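Okay, structure first, notes after.
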Amino acid sequence: MKKSIAVLLTVIMTVGLTACGSSEANAPAAADNTQTEAVANESADQAAETQADGSADNPVAGKKVAYINVNPSASIFQMWKDSAAALSEKLDVQFDYFFCDGDFNKWQDTVRTCASAGYDGLLLSHGSQDGSYVFLKEITEQYPDLKIVTFDTQFYADGEFKKLDGVTQFFQQDDSLVTVLLDSFIEKYGEGVRLLKVWRGPNYNSPFTRRDAGWQAYEEAGKIKTVGEVQPLQDTKESANTVFAAALQGINREDVDGVVVYYDAYAQGVYQAIIENPNFSGDNALPIASVDIDPVDITNMKTAPEIWTAAGTTDWTLNGEIGMRILFLEIAGEYDKIYDPATGKSGVDYVEIPGSAILASDLKEDSTVETLGNIASDTYGNLDYLSETDWMPKDLLH
C-alpha cells in the first residue's frame, strides 16, 4: 500500500532477531555388534525424522534473511512476520524483521544496511511504486548475490511498469478483493445492484488501481451500477468520516443499495458516519463492505453486522509463509518451483493470492483476525497456494 497509508497505523519501529542453530549428539562407541546395530537403527530413525521435517539436504540452512516493511507494526503484519519467522526457524535460517514507521526513506536505509551486512535474502513489503524500481535496481546491481522478494510493490518508471531480473513480485489479487464483495451484494440484491464506491483514484496508488479493475469489469458486464463515488481527502479514518458524512446529506437512501470501500481504514470512517446518521442506520441501515481487515473491523462487524457486512482479504499468516518460501527458493536457485495460485503456473516471477470474503454473518463471538480460517471459505488459508520442494514440503508448518 502506498507509504502514506501507513500513517493510519500505530507508529513503532521493531527489530526482532531469531537466530536458529542446530545441535548434534555424538552416539557412544559400540561395545558389540548388538549395540552397533542399535546405534545404526537409531541413526536411521533420526535421519527419517530429519527428512520428515524438511531439513534433509536443506540448501538454506545457516542463511540470514530479513522482512522489511515500510509500514508500522499492525496485527496483519505481525501475523505475516510470525509465520515467516516460524518457517525460517524450521529450516535453520536466521530471521530478522524491521518496521519502518511509514517512512520510505527509512525503508531504503534499512534495505541498504541489510544488503551491506551480508544478508542472503530480503522480503520487502509495501515499497513505493514511484521509487522502488530505481532503488532496487541499484541494490541488485551492487549486491548481485542478494535475493529479493517484494510484496505489494509495483516497479514503475519512465511511464511504464518494469521488471527486475531475479526479483519475484508478490501481491494480493487485488481485483478479487473487490469482486468477492460485489458478489455478496449481487447475491442479496441481484444483478444491477446500485453501489457507492469509496476510494482515491484513478491513478492514486497501485493497489487501488488494481482493485478498481474488478469494479470496472463488473460494471461493464452490467452486474453492478455505480451511483456515485466518494473520495477522502487524506488517508485517514477521520477524513473518510468527514467526507462521507457530508456526502450522505445529498443521497437518498432509496437510491443506493450498498457501499464498497477500497480500504478498511476509510471504512471505519464510513461506518461511523452511517452510525451517526439516523436516515442511514437503524431499520434503514446502509450496508457497507470493505477491503482489508483488522481487529477494529471485526469488532464493528460483530456490533452492527447489518451495516458492516463483509470484508475482502487474504490470510496474512499464510501470506508470510508464501513470501518466505519464495525467498528461500530464490536463495536455493530453484526459481522453477515458485508457484502462482492465480494462474496455476510454476517458474513465475509474479505471484497473486486470491481474495476471500469474510462475512459478518459468519463471525462467531470469539472470532479474531487470527482465527478467521475457522469461518472463511476454502480460498482463505489454502495450503495449495504454497510453493514447495522436497526439502520444504507444504505440511512443514501444518
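The structure presented is a predicted model; accordingly, all values stated were derived computationally and were not measured.
No hydrogens or angles considered: nothing links the side chains of Thr313 and Asp292 as a donor-acceptor pair under 3.5 Å. Looking only at atom types and distance, the side chain of Gln169 has no donor-acceptor partner in the side chain of Thr150 under 3.5 Å away. In the model, Asp235 has a side-chain atom that pairs as donor or acceptor with a side-chain atom of Tyr204 under 3.5 Å. Side-chain N/O atoms of Asn300 and Gln268 include no donor and acceptor closer than 3.5 Å. For the residue pair Thr153/Ser132, the side-chain donor-acceptor check at 3.5 Å is not satisfied.
For residues 211-232, the set of pairs meeting the ring-ring contact (aromatic ring centres under 6.0 Å, His included) definition, not counting sequence neighbours, is empty. Legend: ring-ring contact (aromatic ring centres under 6.0 Å, His included) pairs involving residues 271-326, not counting sequence neighbours, sorted by first then second residue: Phe77-Trp316, Phe151-Trp316, Tyr271-Trp308. Evaluation of the salt bridge (Lys or Arg N to Asp or Glu O under 4.0 Å) test over residues 305-322, restricted to residues two or more places apart or in two chains, returns Glu321-Arg325. For residues 265-276, no pair satisfies salt bridge (Lys or Arg N to Asp or Glu O under 4.0 Å), with sequence neighbours left out. Within the structure, salt bridge (Lys or Arg N to Asp or Glu O under 4.0 Å) pairs that include any residue of residues 153-182 comprise Asp158-Lys162, Glu160-Lys162, Lys163-Asp349, Asp174-Arg210, Asp174-Arg211 (at least two apart or interchain). Contacts classified as salt bridge (Lys or Arg N to Asp or Glu O under 4.0 Å) and involving residues 140-149 (residues at least two apart or in different chains) are given here: Lys137-Glu141. Pairs engaging residues 242-253 under the side chain to side chain donor-acceptor pair (under 3.5 Å) rule: Asn252-Asp255 [sequence neighbours left out].
Remark: Asp109 does not engage Lys106 in a salt bridge, criterion side-chain N to carboxylate O under 4.0 Å.
Looking at Ser290, its side chain never comes within 3.5 Å of a backbone N or O of Asp264 through a donor-acceptor pair. With hydrogens and angles disregarded, a donor-acceptor distance shorter than 3.5 Å links the side chain of Thr236 to the backbone of Ser239. The closest donor-acceptor contact from the side chain of Asn382 to the backbone of Asp384 lies under 3.5 Å. Counting only distance, with no hydrogens or angles, the side chain of Ser176 and the backbone of Gln173 share a donor-acceptor pair below 3.5 Å. Between the side chain of Ser75 and the backbone N or O of Asp294 there is no donor-acceptor pair closer than 3.5 Å.
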Evaluate side chain to side chain contact (heavy atoms under 4.5 Å, CB included) for Phe95 paired with Leu87, printing each intermediate quantity in order. CA-CA 9 Å; Phe95 172 83; Leu87 184 66; over 6 Å; no
List the steps, then state whether side chain to side chain contact (heavy atoms under 4.5 Å, CB included) holds for Leu248 with Asn279. CA-CA 9 Å; Leu248 288 179; Asn279 294 324; over 6 Å; no
Step by step, would you call Tyr67 with Asp96 a side chain to side chain donor-acceptor pair (under 3.5 Å)? CA-CA 6 Å; Tyr67 165 51; Asp96 301 334; over 6 Å; no
Take Gln108 and Ile139, measure what side chain to side chain contact (heavy atoms under 4.5 Å, CB included) needs, and give me the verdict at the end. CA-CA 10 Å; Gln108 293 178 91; Ile139 291 294; over 6 Å; no
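Under a hydrophobic-cluster definition in which Ile, Leu, Val, Met, Phe, Trp and Tyr are linked whenever side-chain heavy atoms come within less than 4.5 Å, directly or via other members, Tyr156 and Phe135 are assigned to different clusters. Both Val198 and Ile307 belong to a single network of hydrophobic side chains, linked directly or stepwise wherever heavy atoms of I, L, V, M, F, W or Y lie under 4.5 Å apart. Both Val227 and Val260 sit in one connected hydrophobic cluster of ILVMFWY residues. Membership requires side-chain heavy atoms under 4.5 Å apart, directly or through other members. Connection of Phe104 to Leu124 is established within a shared hydrophobic cluster, with ILVMFWY side chains joined at heavy-atom distances below 4.5 Å, either directly or through further cluster members. Leu181 and Leu359 fall into different hydrophobic clusters, where Ile, Leu, Val, Met, Phe, Trp and Tyr side chains are chained together by heavy-atom contacts under 4.5 Å.
Scanning for side chain to side chain donor-acceptor pair (under 3.5 Å) contacts around Thr168 gives Glu330, with sequence neighbours left out. Taking Asp257 as the reference, Arg194 meet the side chain to side chain donor-acceptor pair (under 3.5 Å) condition, with sequence neighbours excluded. Listed by chain and number, the residues in a ring pair (Phe, Tyr, Trp, His ring centres under 6.0 Å) with Tyr335 amount to none (sequence neighbours excluded). Applying the side chain to side chain donor-acceptor pair (under 3.5 Å) test to Asp340 and every residue at least two apart in sequence or in another chain returns Thr343. Checked against side chain to side chain donor-acceptor pair (under 3.5 Å), Thr368 has the following partners two or more places apart in sequence or in another chain: Glu370, Thr371.
Heavy-atom minimum distance, Ile298 versus Ser367: CG2-O, 3.8 Å.
When the shell of 6.0 Å around NZ of Lys63 is examined, it contains 12 or fewer heavy atoms from other residues, nucleotides or ligands. Enclosure of atom NZ in Lys188 is not indicated, since only 12 or fewer non-hydrogen atoms of other residues, nucleotides or ligands lie within 6.0 angstrom.
No side-chain heavy atom of Tyr133 sits under 4.5 Å from any side-chain heavy atom of Phe161. The shortest distance between side-chain heavy atoms of Ile353 and Tyr385 falls below 4.5 Å.
Ring-plane geometry between Phe208 and Trp199 is classed as tilted, the angle between the planes lying from 30 to 60 degrees on a 0 to 90 degree scale.
Outside the 6.0 Å centre-distance limit, the rings of Tyr266 and Phe244 are not counted as a close aromatic pair.
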